[in-house]
Amino acid sequence: MSAKKDRILIFGAGVIGSMYAIKLIEAGVDVTLFAQSNRSKSLRENGLQYKEKNTVRSIKVNVIDRLENDDIYDFIFVTVRYDRSESALLALKDNQSKNIVTMTSNSIGFSSWLDIIGDRLLPAFPGFGGQIKDGVLHTRFLPKIIAATAFGEINGVVTERIENLAILFKTAKLPYVIKKDMQAYLITHSVSDIAMLSFLQSGNKTIDNKTARTRKTARKISVTLKAYLRAIQKAGVSIDPPMLNMVLKFPNLFLDLVFMTWLRTKMVRDMMLPDYASNANNEIVQLSNDLMKFLSQNDIKPEILD
């Protein structure tokens with residue numbers, strides 16, 4: 001199967017979906033973007049707008065707001081938040097496309113997803129982030145060693161569709177890595193996000209930038225991340241990426257300095273705090289709840305020690 005002949009549907013026109021759309025369209029791939037409401041209208045009228053080198057650019061994209069069951073694609077990328085993943089997959093349940101790639105940033109498990117779409121499921125992890133402001137995409141790229149797109153079969157086998165997806169990513173010059181244990185990779189990343197982002201909320205409000213930069217906030221992240229990593233290890237989950245095993249060996253004082261530095265970055269101030277206030281809190285709450293359920297099923301309770 002030639003990548004140039006692939007039909008790709010990107011289900012979700014937020015940051016992740018928009019970025020994949022741009023890269024694939026630029027590579028000559030046949031891409032359709034599923035969007036609704038104001039986002040759909042904006043994409044039709046203005047194209048997919050993005051900022052590159054301080055210049056706002058626009059690329060034409062085919063947009064749909066309704067998917068017919070017999071409208072078949074080689075791959076459907078589901079690029080929605082974890083708390084919206086089940087509703088998105090339910091919308092795709094009766095579509096006859098054979099490969100549904102869940103490009104959510106986090107996940108604790110696949111059982112509910114498998115119940116909906118069966119073996120069409122191909123779990124993945126997006127390789128970048130950013131935000132959309134006034135309809136314009138602002139991307140945030142990280143080094144490949146930190147944030148390449150990860151994907152793999154649940155059983156770890158490198159199947160023909162994994163190889164085809166790899167060809168597609170090579171065509172679009174998108175960094176990628178094939179994982180043998182996507183569940184471990186996604187759970188580890190989820191634990192990291194829960195530890196690093198849950199403390200951005202105080203009561204019903206997102207904390208201010210000044211509070212986010214404090215040693216107290218950094219220490220909460222340090223001890224919680226260690227506790228959660230130890231807990232998932234006890235549950236039989238391999239920590240992936242393996243370099244996070246070093247977190248368990250570092251003293252809290254060192255980790256505090258690392259997280260204080262991170263909390264003071266422009267990325268946290270200008271992207272993560274505003275994004276968390278408007279969208280991400282629901283995702284982190286659901287992830288936290290699902291993590292606790294997963295650990296309790298294994299009779300494990302995180303020990304948070306300061």
Side-chain angles (χ1 to χ4, degrees), residues 81-83 85-86 102 104-115 121 123-126 129 145-147 150 152 154-156 177 179-203 207 212 214-263 268 272 276 280-306:
R81 294 184 185 278
Y82 179 66
D83 53 311
S85 57
E86 286 193 18
T102 49
T104 58
S105 297
N106 299 288
S107 172
I108 300 301
F110 308 127
S111 60
S112 63
W113 295 355
L114 286 167
D115 288 342
L121 175 65
F125 178 87
I145 191 173
I146 298 175
I154 294 175
N155 61 8
V177 59
K179 290 286 182 179
K180 291 185 177 181
D181 191 345
M182 276 302 300
Q183 179 158 325
Y185 185 81
L186 289 170
I187 289 177
T188 305
H189 191 272
S190 297
V191 160
S192 301
D193 267 12
I194 292 168
M196 295 171 71
L197 298 178
S198 60
F199 295 109
L200 300 183
Q201 187 83 1
S202 178
I207 63 175
T214 63
R215 168 78 176 276
K216 182 179 180 180
T217 301
R219 174 53 62 93
K220 288 179 179 178
I221 294 173
S222 299
V223 297
T224 303
L225 180 56
K226 279 187 173 182
Y228 285 167
L229 288 174
R230 291 191 185 102
I232 63 173
Q233 274 188 326
K234 289 180 180 179
V237 176
S238 299
I239 293 178
D240 188 8
M243 66 180 179
L244 278 177
N245 282 297
M246 297 299 296
V247 169
L248 299 176
K249 299 178 182 180
F250 289 139
N252 287 342
L253 180 60
F254 175 81
L255 292 176
D256 292 350
L257 294 174
V258 171
F259 288 123
M260 283 180 70
T261 301
W262 173 72
L263 288 165
V268 171
M272 300 192 77
Y276 192 86
N281 183 41
N282 290 339
E283 179 181 34
I284 295 300
V285 169
Q286 183 169 333
L287 276 171
S288 298
N289 291 338
D290 289 351
L291 174 63
M292 292 303 106
K293 290 177 184 177
F294 170 75
L295 294 176
S296 65
Q297 289 168 359
N298 290 274
D299 295 322
I300 296 168
K301 184 177 181 180
E303 297 180 10
I304 300 179
L305 305 173
D306 195 340

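Because the structure is predicted, anything quoted here is derived from the model rather than measured.
Within the model, atoms CD1 of Ile300 and CE of Met292 stand 10.5 Å from one another, a figure rounded to the nearest 0.5 Å. Rounded to the nearest 0.5 angstrom, Thr104 OG1 and Tyr82 OH are separated by 8.5 Å. Remark: Phe125 CZ to Lys179 NZ distance equals 10.5 Å, nearest 0.5 Å. Rounded to the nearest 0.5 angstrom, Lys234 NZ and Lys301 NZ are separated by 12.0 Å. Ser107 OG to His189 NE2: the interatomic distance, rounded to the nearest 0.5 Å, is 12.0 Å. For the atom pair Leu291 CG and Asp193 CG, the distance stands at 12.0 Å (nearest 0.5 Å).
Of all heavy-atom pairs spanning Ser222 and Leu255, the tightest one is OG-CB, 3.4 Å. In terms of heavy-atom proximity, Ala124 sits nearest to Leu186 at O-CD2, 3.9 Å. In terms of heavy-atom proximity, Leu229 sits nearest to Leu244 at CD1-O, 3.8 Å. For Leu225 against Ser192, the heavy-atom pair with the smallest separation is CD1-CA, 3.8 Å. The nearest pair of heavy atoms linking Ala218 to Met260 is CB-CG, 3.4 Å.
Taking the six-membered ring where tryptophan is involved, the planes of Phe259 and Trp262 are perpendicular, since the angle between them exceeds 60° and thus also 30°.
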Stepwise, does the side-chain contact (heavy atoms from CB on, under 4.5 Å) test hold for Val237 with Val191? CA-CA 11 Å; Val237 176; Val191 160; over 6 Å; no
Taking it one step at a time, do Asp181 and Asp240 satisfy side-chain contact (heavy atoms from CB on, under 4.5 Å)? CA-CA 9 Å; Asp181 191 345; Asp240 188 8; 5.8 Å; no
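The side-chain heavy atoms of Phe110 and Thr102, taken from C-beta on, include no pair separated by under 4.5 Å. Here the side chains of Val247 and Lys226 are in contact, with some heavy-atom distance below 4.5 Å. Under the 4.5 Å side-chain criterion, counting only non-hydrogen atoms from C-beta, Ile239 is in contact with Gln233. Within the 4.5 Å cutoff, no side-chain heavy atoms of Ser288 are placed close to those of Asp290. Considering only heavy atoms from C-beta on, Glu283 stays 4.5 Å or farther from Ile194 through its side chain.
The side chain to side chain contact (heavy atoms under 4.5 Å, CB included) test with Arg219 is passed by exactly one of Thr224, Thr214, Asn252: Asn252.
The side chain to side chain contact (heavy atoms under 4.5 Å, CB included) test applied to Ser190 returns Asn106, Ile108, Leu287, not counting sequence neighbours. Residues passing the side chain to side chain donor-acceptor pair (under 3.5 Å) test with Ser238: none are found, sequence neighbours excluded. For Thr261, there are no side chain to side chain donor-acceptor pair (under 3.5 Å) partners at least two apart in sequence or on another chain.
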